[in-house]
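A short worksheet on the structure shown next.
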Amino acid sequence: MKLYKDNSQRTLAVSKPFVRTTIALIALIITVVWLPIQILRYNAVVERSSTMIGSELKFERSEAGVTLQNIYTDKSSNVLIARLKLSEEAQANLPYKGTDYRVMIGAKSLKGLKEVSVLFGKMSSDGDMFLVIPKPDIKEIYTLFIVNEKYVAAADSTKIGSKNINDTDLDKSIANTLSAYDIDKKKDKNAVTTVKSDNLDAITFRLAMTPGVNNDKYKPTVLDADLINEETKEFDFEKFFNVLFKDVALKNFKREYENLASQKKQIQNTIDEAKSKLQINQYDKAASQVLAKSNDQMSTIEQDMTKLATDISNYESLQYSPDLFSNLNTKAKVFNIDDYKK
């Protein structure tokens, strides 16, 4: 018995849109289910990572901007280092002594401890801030709070002055900030969480030896040195100064100088070309304009190269002194992350 198949134009006209609509609905359902799962997975990965290198942090009360310039470790993974570059406002408004700050650290591997050894301070009185965590856990995510103890809201909240930090305010601030990490990431994956407090002047960030995000913006740069002295078991400040401050600065200066030298060569070619045109036709207006503009560019580049040459010479002659790393904070108070997330 042959089955009847309706091949009429009317039936086909109805069935084709139905099939297309069904396929579109299936695709929509898959997308609606798949996308939130992927977002949750990504947020979980970000939560297991450092704060992104280059992030702008801010001590809100003193209106002082700080940049997480880079994250480092040494060859043996004996230290985890954050380098914080201060804006002009931060250099002016923030205290320069590391002992004028309270360092708070939270991590699952530190549960049960009251405090741990760290190094926090500035290089000299006008350099960058740095934070050193010795013997970091390779799988750990460290949540840090740096609290400015010299700039705290006074009791009437109308004046700003120095007073002891209220532990209740600190606990409340940590709790609000930790919960905000997840909220901020859902709004913007690159968002930087600020410390949620009307009374405290602080910044917060995360550090990880092995970030969940496989991206150079989250990974520590490995320094070509071991920063823990094998004999004394102490942090080697002289080597730290040379590899992180002096050598890095020299490398950047020299790279910039080479870039300027390359630009200078290109501009000289443009000048020579314009002069050749003017020898043939002294009334070539376009060539005259190019020559004038190129001469101005050459003058600016030569000035910049002269300044860089001076900077390079100064840094090459720069010598380490223990005074560059004085007034350091050597302890961090441990807080239990799980207690604040309940």
Side-chain angles (χ1 to χ4, degrees), residues 50-58 63-72 82-94 122-130 187-192 213-225 241-319 324:
S50 301
T51 298
M52 187 172 67
I53 294 169
S55 295
E56 300 291 333
L57 314 175
K58 191 174 184 180
E63 298 183 351
V66 177
T67 303
L68 180 59
Q69 187 172 25
N70 214 331
I71 304 169
Y72 301 94
R83 182 171 180 175
L84 303 166
K85 185 174 182 60
L86 279 66
S87 64
E88 291 184 5
E89 292 79 10
Q91 291 286 10
N93 297 340
L94 295 175
K122 287 178 70 176
M123 191 195 79
S124 190
S125 62
D126 59 352
D128 293 344
M129 285 181 173
F130 60 90
K187 293 178 182 177
D188 177 5
K189 66 183 180 181
N190 294 323
V192 175
V213 178
N214 186 22
N215 188 304
D216 288 342
K217 291 183 178 180
Y218 298 86
K219 295 178 181 178
T221 297
V222 180
L223 299 171
D224 188 23
F241 166 76
N242 286 325
V243 299
L244 188 59
F245 291 96
K246 183 176 179 178
D247 291 353
V248 168
L250 276 172
K251 185 177 180 180
N252 290 336
F253 286 149
K254 289 178 179 179
R255 185 189 299 116
E256 190 174 349
Y257 189 90
E258 289 172 0
N259 289 337
L260 289 176
S262 178
Q263 293 178 39
K264 181 180 178 181
K265 186 176 180 179
Q266 293 176 359
I267 292 172
Q268 187 60 57
N269 290 337
T270 303
I271 290 173
D272 294 341
E273 178 73 14
K275 286 181 176 180
S276 296
K277 289 182 178 180
L278 289 171
Q279 286 179 350
I280 297 172
N281 178 10
Q282 61 179 324
Y283 302 107
D284 189 329
K285 186 176 180 180
S288 296
Q289 292 174 342
V290 168
L291 181 61
K293 182 179 178 180
S294 297
N295 282 331
D296 289 341
Q297 292 175 334
M298 181 65 79
S299 177
T300 299
I301 280 186
E302 287 178 342
Q303 290 176 12
D304 291 343
M305 290 181 71
T306 299
K307 182 180 181 303
L308 275 173
T310 301
D311 290 337
I312 290 171
S313 177
N314 289 339
Y315 266 79
E316 285 178 336
S317 61
L318 196 60
Q319 297 296 317
L324 292 171

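Treat the numbers as computed from the prediction; the structure is a model and nothing was measured.
If you take CG on L278 and CD on E273, they are separated by 10.5 Å, rounding to the nearest 0.5 Å. Atom CG in L324 sits 12.5 Å away from atom NZ in K122 (nearest 0.5 Å). In this structure, R83 CZ and D128 CG are separated by 4.5 Å, a value rounded to the nearest 0.5 Å. Atoms CZ and OG, on F245 and S124 in that order, are 10.5 Å from each other to the nearest 0.5 Å. Here OH of Y257 is found 8.5 Å from CG of L308. Values are rounded to the nearest 0.5 Å. Put simply, OG on S276 and CG on N281 are 13.0 Å apart, with the number rounded to the nearest 0.5 Å.
A salt bridge links K264 to E302: one of the charged nitrogens lies within less than 4.0 Å of a carboxylate oxygen. Classification of D247 and K251 as a salt-bridged pair fails, no side-chain N sitting under 4.0 Å from a carboxylate O.
The backbone N or O of M52 sits less than 3.5 Å from a side-chain atom of S55, completing a donor-acceptor pair. For K254 (side chain) and I312 (main-chain N/O), no donor-acceptor pair under 3.5 Å exists by modelled atom type. Using a distance-only test at 3.5 Å, with no hydrogens or angles considered, a donor-acceptor pair links the side chain of Q91 to the main chain of G127. Put simply, the side chain of S262 never gets that close to the backbone of E258: no donor and acceptor are under 3.5 Å apart.
Looking at Q297 and I301, their side chains never come closer than 4.5 Å, going by heavy atoms from C-beta outward. Taking the side chain as every heavy atom from C-beta outward, T67 and L57 never approach each other to under 4.5 Å. Within the 4.5 Å cutoff, the side chain of L86 has heavy atoms near those of the M129 side chain. T51 has its side chain out of reach of Y218: every pair of non-hydrogen atoms, C-beta onward, lies at least 4.5 Å apart. Here the side chains of Q268 and I271 are in contact, with some heavy-atom distance below 4.5 Å. Using a 4.5 Å heavy-atom cutoff, the side chains of T221 and I71 are not in contact.
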Start with the C-alpha distance between L84 and F130, add both sets of side-chain angles, then the distance that settles side-chain contact (heavy atoms from CB on, under 4.5 Å), and finish with yes or no.
-> CA-CA 6 Å; L84 303 166; F130 60 90; over 6 Å; no
Under the side chain to side chain donor-acceptor pair (under 3.5 Å) criterion, do N214 and K219 qualify, and how do the steps go?
-> CA-CA 8 Å; N214 186 22; K219 295 178 181 178; 2.7 Å; yes
Take T306 and Q303 through the test side-chain contact (heavy atoms from CB on, under 4.5 Å) and record every step on the way to the result.
-> CA-CA 5 Å; T306 299; Q303 290 176 12; 5.7 Å; no
Are D224 and V243 close enough, and set up right, to give a side-chain contact (heavy atoms from CB on, under 4.5 Å), and what steps lead you there?
-> CA-CA 7 Å; D224 188 23; V243 299; over 6 Å; no
Tell me which donor-acceptor pairs under 3.5 Å the side chains of residues 285-295 have, and how far apart each pair is, sequence neighbours excluded?
residue	atom	partner	partner atom	Å
S288	OG	D284	O	3.1
S294	OG	V290	O	2.8
N295	ND2	L291	O	3.2

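Shortest non-hydrogen contact noted between A90 and A64 is CA-CB, 3.5 Å.
By the neighbour-count criterion of 12 heavy atoms within 6.0 Å, atom NZ of K217 is sparsely surrounded, having that number or fewer from other residues, nucleotides or ligands. Summarising the local packing, CD of E316 is surrounded by more than 12 heavy atoms from other residues, nucleotides or ligands at distances under 6.0 Å.
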